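FYI, side chains are in, hydrogens and waters are out, and symmetry mates aren't considered; it's all heavy atoms of this structure. Chain letters run A, B, ... following the sequence lines, proteins first, then strands; residues in each count from 1. Keep in mind that this is a model prediction, so the values were computed, not measured.
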Number of protein chains: 2
Amino acid sequence: MLSGKFAITIHILTLLTKFPNDFLSSEFIAGSINLNPVLVRKEIANLKAHHIVESKEGKNGGTRLAKNATDITLKEIFQMTFDTINLGYAKNQPHPDCPVGKKINENLSGLYADLNEKVSLELKNITLEDFSNQF
Amino acid sequence: MLSGKFAITIHILTLLTKFPNDFLSSEFIAGSINLNPVLVRKEIANLKAHHIVESKEGKNGGTRLAKNATDITLKEIFQMTFDTINLGYAKNQPHPDCPVGKKINENLSGLYADLNEKVSLELKNITLEDFSNQF
DNA sequence: GCATACTGTAATAAATTATATTACAAATAT
DNA sequence: ATATTTGTAATATAATTTATTACAGTATGC
């Protein structure tokens with residue numbers, strides 16, 4: 001899955017916030033991000049599934065916000081584009097007979113869950129409107 | 001660079017903490033992580049550069065902690081294995097003539113710096129000793 | 001001093017993941 | 001009708017991560 005998911009999604013949403021009365025095409029959005037339009041449409045599909053935007057098919061179609069930018073927090077966007085804050089895991093299954101190997105992933109998960117909470121707390125206080133106002 | 005860097009490094013350090021009197025070989029450590037020994041040695045090189053561990057070459061050589069586990073915080077480990085908390089950037093340079101494209105990366109960086117601070121604050125309070133005691 | 005068991009590091013290969021492209025059916029405005 | 005756009009699948013390319021091979025250098029202990 002797209003690793004720039006969060007960044008791409010927030011870029012899309014910022015554009016939609018800046019043009020609240022227009023249906024923006026994936027082509028137009030892709031031009032600003034400099035990304036393939038198909039990938040933009042994929043992220044829009046995700047946003048639609050979460051009822052954050054709505055699209056219109058056909059000529060002059062496109063996408064716009066489905067709710068007010070003041071009612072969307074970065075926490076929501078984070079949650080729909082990122083599992084959790086995560087400093088990574090070693091790729092292979094660690095050795096199950098080693099006391100450390102046996103529990104390392106569990107303990108890392110615990111740590112990451114902790115970090116995730118701090119980050120979520122922070123993101124909950126920033127609305128899409130706040131973020132967009134910086135532009 | 002290794003994306004499991006943090007996890008691998010903390011795994012290595014936990015092992016060293018559990019066997020504080022031994023020089024552990026990269027082969028032994030690699031067995032617990034289930035990772036190629038060369039990659040273990042690479043992470044150890046990084047740890048050595050930060051004076052957290054010391055190694056002995058030659059027969060019966062290996063690596064051990066160079067300071068007490070109570071004096072190493074997860075923040076240090078985080079900093080030496082991860083640049084910053086980071087929810088990602090779109091891969092390509094965004095369009096410079098678009099007001100959003102022009103500033104998106106700057107604004108994302110600002111946000112990430114903010115998150116980074118929260119995470120660092122949390123990690124500063126956890127020592128390697130604390131982490132190791134969970135095993 | 002010689003065999004052995006390590007570290008250190010470079011070079012290359014293989015695997016995985018991320019992004020881009022192509023293609024086309026379905027929808028809708030004019 | 002035609003043009004434009006979404007939606008989505010299939011496939012290709014590029015980038016990144018991890019693994020492997022190779023070997024020089026170093027300490028240990030016989």
Side-chain angles (χ1 to χ4, degrees), chain A residues 1-9 11-12 15-16 19 22-50 52-66 81-83 86-94, chain B residues 1-9 11-12 15-16 19 22-50 52-66 81-83 86-94:
Chain A
M1 230 308 122
L2 233 44
S3 94
K5 236 168 128 60
F6 176 82
I8 291 165
T9 298
H11 192 148
I12 293 169
L15 286 169
L16 297 180
F19 299 93
D22 300 328
F23 283 91
L24 303 184
S25 76
S26 62
E27 189 91 28
F28 173 81
I29 295 170
S32 171
I33 305 179
N34 187 12
L35 189 74
N36 194 287
V38 174
L39 301 178
V40 171
R41 299 206 281 271
K42 254 185 197 153
E43 293 317 307
I44 285 174
N46 189 26
L47 284 163
K48 277 172 58 181
H50 288 83
I52 290 175
V53 305
E54 57 196 9
S55 316
K56 200 170 61 173
E57 291 188 27
K59 186 165 179 181
N60 297 335
T63 301
R64 70 175 178 193
L65 288 182
T81 56
F82 227 91
D83 277 343
N86 180 317
L87 307 182
Y89 294 91
K91 184 187 150 215
N92 304 321
Q93 173 107 41
Chain B
M1 232 306 123
L2 233 43
S3 94
K5 235 168 127 61
F6 176 82
I8 291 165
T9 297
H11 193 147
I12 294 169
L15 285 169
L16 297 181
F19 299 92
D22 300 328
F23 283 92
L24 303 184
S25 75
S26 62
E27 190 92 26
F28 174 82
I29 295 170
S32 172
I33 307 180
N34 187 12
L35 189 75
N36 195 286
V38 174
L39 301 178
V40 171
R41 298 207 280 271
K42 253 184 197 154
E43 292 317 307
I44 284 174
N46 189 27
L47 285 164
K48 277 172 57 182
H50 288 82
I52 290 175
V53 306
E54 57 196 7
S55 316
K56 200 169 61 172
E57 292 189 27
K59 188 168 179 181
N60 299 332
T63 301
R64 69 175 178 192
L65 288 181
T81 56
F82 226 92
D83 276 344
N86 181 316
L87 307 181
Y89 294 91
K91 185 187 151 213
N92 303 320
Q93 173 107 41

Which nucleotide in the list [options] gets nearest to the side chain of [X]?
X     : options               : value
A:K59 : D:dT5, C:dT21, C:dT28 : C:dT28
B:L39 : C:dT7, D:dA19, C:dA23 : D:dA19
A:R41 : C:dT7, C:dA20, D:dT6  : D:dT6
A:V38 : D:dT8, D:dT28, D:dT26 : D:dT8
A:A45 : C:dA26, D:dT8, C:dT9  : D:dT8
B:S25 : C:dA20, C:dT7, D:dT28 : C:dT7

Give the rounded distance in Å between these two atoms: [atom1] of [X] and [atom2] of [N].
X     : N      : atom1 : atom2 : result
B:I29 : C:dT7  : CD1   : C1'   : 12 Å
B:Q93 : C:dA20 : CD    : P     : 14 Å
B:N92 : C:dT19 : CG    : P     : 9 Å
A:L47 : D:dT6  : CG    : C1'   : 15 Å
B:K42 : D:dT18 : NZ    : C1'   : 9 Å
B:I8  : D:dA19 : CD1   : C1'   : 12 Å
A:F6  : C:dA18 : CZ    : P     : 17 Å
B:E57 : C:dT7  : CD    : C1'   : 5 Å

Side-chain heavy-atom pair B:V40, B:T63 within 4.5 angstrom cut-off: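 No, their side chains stay 4.5 Å or more apart.
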Across the strands shown, which category fits A:N60 at heavy-atom distances under 4.0 angstrom: base, sugar-phosphate, nothing?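 Here A:N60 touches the backbone only, sparing every base.
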Applying a 4.0 Å non-hydrogen cut-off, can you work out what B:S26 is touching in the nucleic acid: base, sugar-phosphate, or nothing?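 The residue B:S26 makes sugar-phosphate contact but no base contact.
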State which residues pass side-chain contact (heavy atoms from CB on, under 4.5 Å) with A:S32; sequence neighbours excluded, sorted by chain then number.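 Listed in chain order: A:H11, A:L15, B:C98.
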Map A:K91 and A:L24 onto DNA chain D by nearest heavy atom, then report which one ends up closer to the 5' terminus.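 That would be A:L24.
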Mind checking the CZ-CZ spacing from B:R64 to B:F19? Nearest 0.5 Å is all I need.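 B:R64 CZ to B:F19 CZ: 15.5 Å, rounded to 0.5 Å.
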Between B:I44 and B:Y89, which residue's closest nucleotide on DNA chain C lies nearer the 5′ terminus?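 Closest to the 5' end, via its nearest nucleotide, is B:I44.
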Does CD belonging to B:E27 count more than 12 external heavy atoms closer than 6.0 Å?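 Atom CD in B:E27 is not crowded, with 12 or fewer foreign heavy atoms closer than 6.0 Å.
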Using side chain to side chain contact (heavy atoms under 4.5 Å, CB included), reason through A:I44 and A:I29 one step at a time and then give a plain yes or no. CA-CA 11 Å; A:I44 285 174; A:I29 295 170; 4.2 Å; yes
Please check the phosphate of C:dT19 (OP1 and OP2 only) for any side-chain N or O of A:N36 closer than 4.0 Å.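 For C:dT19, neither OP1 nor OP2 has a side-chain N or O of A:N36 closer than 4.0 Å.
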